[in-house]
Amino acid sequence: MAPKVLMVAEKPSIALSIASALSHGRMSTRRGSTDVHEFDGMFQGFHAHFKVTSVAGHVFSLDFPSTYQNWEATDNLDLFQAPVVKLESNPKGHICRHLSQEARGCSYLVLWLDCDREGENICYEVIECTGFNENEVGRKILRARFSSVTEKDILEALENLVKPNKAEALAVDARQEIDLKVGVAFTRFQTRYFQGKYGNLDSRIISYGPCQTPTLGFCVQRYMQIMTFKPEKFWYFSPYIIKDGYELQLEWDRNRLFDFDVAAMFQKLVLDQNILEVTGVSKNEENKSRPCGLNTVNLLKVASSALALGPHVAMQLAERLYTQGFISYPRTESTAYPASFDFRNVLGAQQNNPIWGNHIRSLLTDGFHKPRMGSDAGDHPPITPMRAATEEMLGNDAWRLYQYICQHFIGTVSPDCKYTRTKVEFTSGGELFHCVGLHVSTKGFTSIMPWLAVKEKNLPQFTKGEKINIIKMDLQEGSTAPPDYLSESELISLMEKHGIGTDASIPVHINNICERNYVQVNSGRRLVPTALGTTLIRGYQSIDADLCLPDIRSFIEHQITMVAKGKADHSHVVQHVLQQFTQKFSYFVKKIENMDALFEAQFSTLAESGRLLSKCGKCTRYMKFISTQPARLYCTSCEEVYYLPQNGSIKLYKEFACPLDGFELVLFSMSGSDGKSFPLCPYCYNSPPFEGITTLFGSIKLGNSGKLGKGAGMPCFLCPHPTCRHSMITQGVCACPECSGTLILDPISAPKWRLYCNICNCMVSLPQGAHRISTTSNRCPDCDSLIIEVDFNKKTTPLSDGATLYSGCILCDELLHSLIEMKHGKSFFRRGRGRGRSRGRGGRGRARGGSKNDDPKMSFRDF
DNA sequence: GCAAGGTC
């Protein structure tokens with residue numbers, strides 16, 4: 001039987017290209033969450049059955065085991081030595097199961113992952129899923145090395161299969177572990193340290209990472225340059241002349257001087273002569289080169305600076321253009337095209353375009369140029385248009401991006417721009433001046449990329465030795481100006497230069513520092529650090545500047561490169577690097593007060609922020625509500641913080657106090673149009689979590705955290721405390737006979753139901769043995785109190801008519817009619833007793849000593 | 001909840 005060969009690519013599109021190339025398009029495809037292409041062919045001299053499928057990037061990602069997931073219970077220092085686990089990145093995708101199933105019965109596994117370190121690492125993830133073993137006899141693991149997915153390259157790679165490179169894969173394992181441990185330890189520590197400490201500080205997450213922090217560092221560095229910039233005055237002069245009717249302003253060779261007296265002296269020397277002599281006329285043929293192929297980083301820079309599209313958005317658009325087949329794969333480092341690239345084909349697809357069709361047709365007939373030699377990173381070809389599109393097909397932003405990709409591509413195969421530079425030099429009073437003229441002879445690629453055009457500047461004819469009068473020459477004053485905030489495009493260049501992030505992750509890091517509120521994108525896509533951003537970086541600088549310098553990334557890269565080259569052992573390197581970071585971490589923890597001093601100067605203390613909202617149950621003074629994330633209440637006199645549910649609004653709830661602790665209740669309304677509201681006690685909400693609670697509304701299970709919101713089994717209307725009564729404080733029942741306070745149902749006493757008064761705290765017993773008691777919206781016609789409904793369990797009730805639900809008015813001392821009567825809409829009040837007849841009865845004494853009589857036909861007072 | 005790296 002023909003041996004089976006399983007081939008795995010990094011993404012579905014590559015699997016398709018490989019299968020198409022090897023089967024010459026004669027394959028069958030099994031569709032599924034991941035497609036499998038099958039065909040028969042020759043493999044290593046044998047007839048074989050091929051199956052080609054793919055993963056979608058990394059199959060696994062690294063994390064801490066669950067025992068290290070609790071922020072409170074974990075010592076951050078322990079994280080550095082903690083075990084790590086590989087978990088499926090996308091468990092719902094079942095990639096591992098898919099690979100394992102497809103590998104069954106296969107004798108060969110051929111790995112077509114991208115040819116970089118990450119790809120090598122994914123090779124071993126695939127090997128693990130398939131169950132292949134490197135030392136197994138009879139089953140072979142092979143690695144295809146290819147730099148593009150053209151048919152030629154694929155066939156060549158198949159003929160030259162190698163072994164996967166374990167060292168490179170281990171280098172990625174090392175990076176993953178270092179990044180995880182360092183990032184998580186610092187992030188958890190500083191988040192916890194600053195969380196809730198200051199009023200106007202958004203401290204949901206104060207993250208640290210070896211890529212994101214230096215990225216922020218670049219923005220803050222520029223900010224500091226601007227803030228500390230001291231302008232300097234300078235002086236300059238430029239003679240005006242008239243020649244052949246042209247008025248010309250000459251440039252001074254000294255450009256400018258920072259000393260007024262010296263500048264004035266030179267000016268006087270020139271003015272004394274007031275005549276210029278032409279000392280030289282030179283002409284140079286110059287060349288402006290057409291661009292290399294377009295890679296991701298350059299696309300992102302143009303998108304940000306010229307199209308006003310942020311890197312994150314630009315990549316989303318590019319991704320869509322790619323999946324729709326308009327452009328080639330948009331994540332690439334390479335600016336060089338593979339030798340076999342079919343430029344004619346790409347140009348042909350664009351020749352009917354109304355904007356650049358003419359240019360293309362002339363390139364196709366007159367011959368086009370090969371693009372300038374760029375660099376080949378061995379990943380994917382430069383970003384290239386694949387098929388024609390119109391603005392209507394793509395939508396405005398995607399169209400602008402696509403248009404640029406087309407223009408850039410056409411530029412790469414167009415002629416260079418050629419122009420003549422004429423420089424005329426002058427002298428007067430010993431000072432030198434010049435002017436420059438530019439004349440374009442061949443527009444070349446600049447006709448398709450007009451923003452790069454050389455600006456023509458005509459000069460009149462000058463001859464050496466010619467003398468010309470100066471018309472005007474004033475001494476001008478200027479002042480040096482600070483640089484502008486760092487533009488996104490400059491940031492991308494800096495990140496690329498320092499090896500911070502990759503083509504795919506650079507947009508993610510920039511997005512991160514925006515989302516975490518460390519920088520803001522201003523007009524012209526310039527990045528302005530926030531108070532939090534600058535304080536963080538200044539804080540690192542005050543403790544250990546290494547933490548925010550780009551070298552921190554290059555240090556890690558350098559270390560893992562040793563692993564990749566097989567010069568150092570993986571675990572030794574990881575241990576060595578982690579040991580250094582452990583020391584840095586310990587020192588950071590020890591010196592965190594240095595950073596805190598900066599926070600203190602920058603942010604307001606809790607006592608200074610917020611507005612008075614509700615009363616503290618301990619000291620009865622008003623607490624301050626601090627609305628900045630995380631929302632919380634702060635008691636200035638007790639110096640206690642009470643966190644509130646996030647992502648919603650908070651207001652005082654009817655001035656009710658929690659019967660357990662005396663804290664005034666607040667009403668939380670979830671954000672969104674149909675956001676639910678519920679009252680809660682700030683103290684109980686911050687009490688230890690519990691499993692759930694039984695209320696009049698039924699059993700409510702809370703999420704693992706015991707907090708409200710996500711993970712809770714149902715929308716929760718109470719605070720997560722086991723003995724809290726607020727769930728029932730949804731409406732007052734009636735006036736307290738003692739003090740006119742509001743009587744409120746007290747579910748905690750069930751089945752010994754009681755009412756309690758929210759002011760004098762007196763208790764009134766309700767029928768014992770009731771299964772459920774609740775308030776209704778009906779009111780007593782005598783005293784206007786709310787009617788109570790009492791539900792008896794049949795087992796516990798002595799009723800003969802089988803009815804179990806009773807209603808009544810507590811104040812009028814009535815326990816009345818059955819459910820059956822209510823259902824039929826009959827009046828269920830026994831008339832005859834006067835309004836407020838029972839007022840003054842009941843109260844504290846009675847509440848304590850309830851009757852043992854279970855007959856619901858008796859009045860409330862008899863219980 | 002936290003990093004950075006793949007890809008969707």
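Computed over heavy atoms, backbone and side chain alike; hydrogens, waters and symmetry mates excluded. A note on names: the letters A, B, ... follow the listed sequences, proteins ahead of strands, and every chain is numbered from 1.
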Peer 1: Calculate the interatomic distance between A/Asn121 atom CG and B/dT7 atom C1'; express it in whole Å.
Peer 2: 14 Å
Peer 1: Check A/Glu557 with A/Arg175, please: is the shortest side-chain N to carboxylate O separation under 4.0 Å?
Peer 2: no
Peer 1: Is the shortest side-chain N to carboxylate O distance from A/Arg516 to A/Asp202 below 4.0 Å?
Peer 2: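 Here A/Arg516 does not pair with A/Asp202 in a salt bridge, since their nearest N and O are not under 4.0 Å apart.
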Peer 1: Restricting to salt bridge (charged side-chain N to carboxylate O under 4.0 Å, His left out), what partner residues turn up for A/Lys584, sequence neighbours left out?
Peer 2: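 For A/Lys584, the residues satisfying salt bridge (charged side-chain N to carboxylate O under 4.0 Å, His left out) (neighbours in sequence not counted) are A/Asp544, A/Asp546.
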Peer 1: How does protein reach along nucleotides 1-6 of chain B, written 5' to 3' as B (base within reach of a heavy atom under 4.0 Å), S (only sugar-phosphate), or - (no contact)?
Peer 2: BBBBBB
Peer 1: Mind checking the CG-OG spacing from A/Asp173 to A/Ser571? Nearest 0.5 Å is all I need.
Peer 2: 11.5 Å
Peer 1: Is the ring centre of A/Phe599 less than 6.0 Å from the ring centre of A/Phe603?
Peer 2: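 Judged by ring-centre distance (under 6.0 Å), A/Phe599 and A/Phe603 do meet the cut-off.
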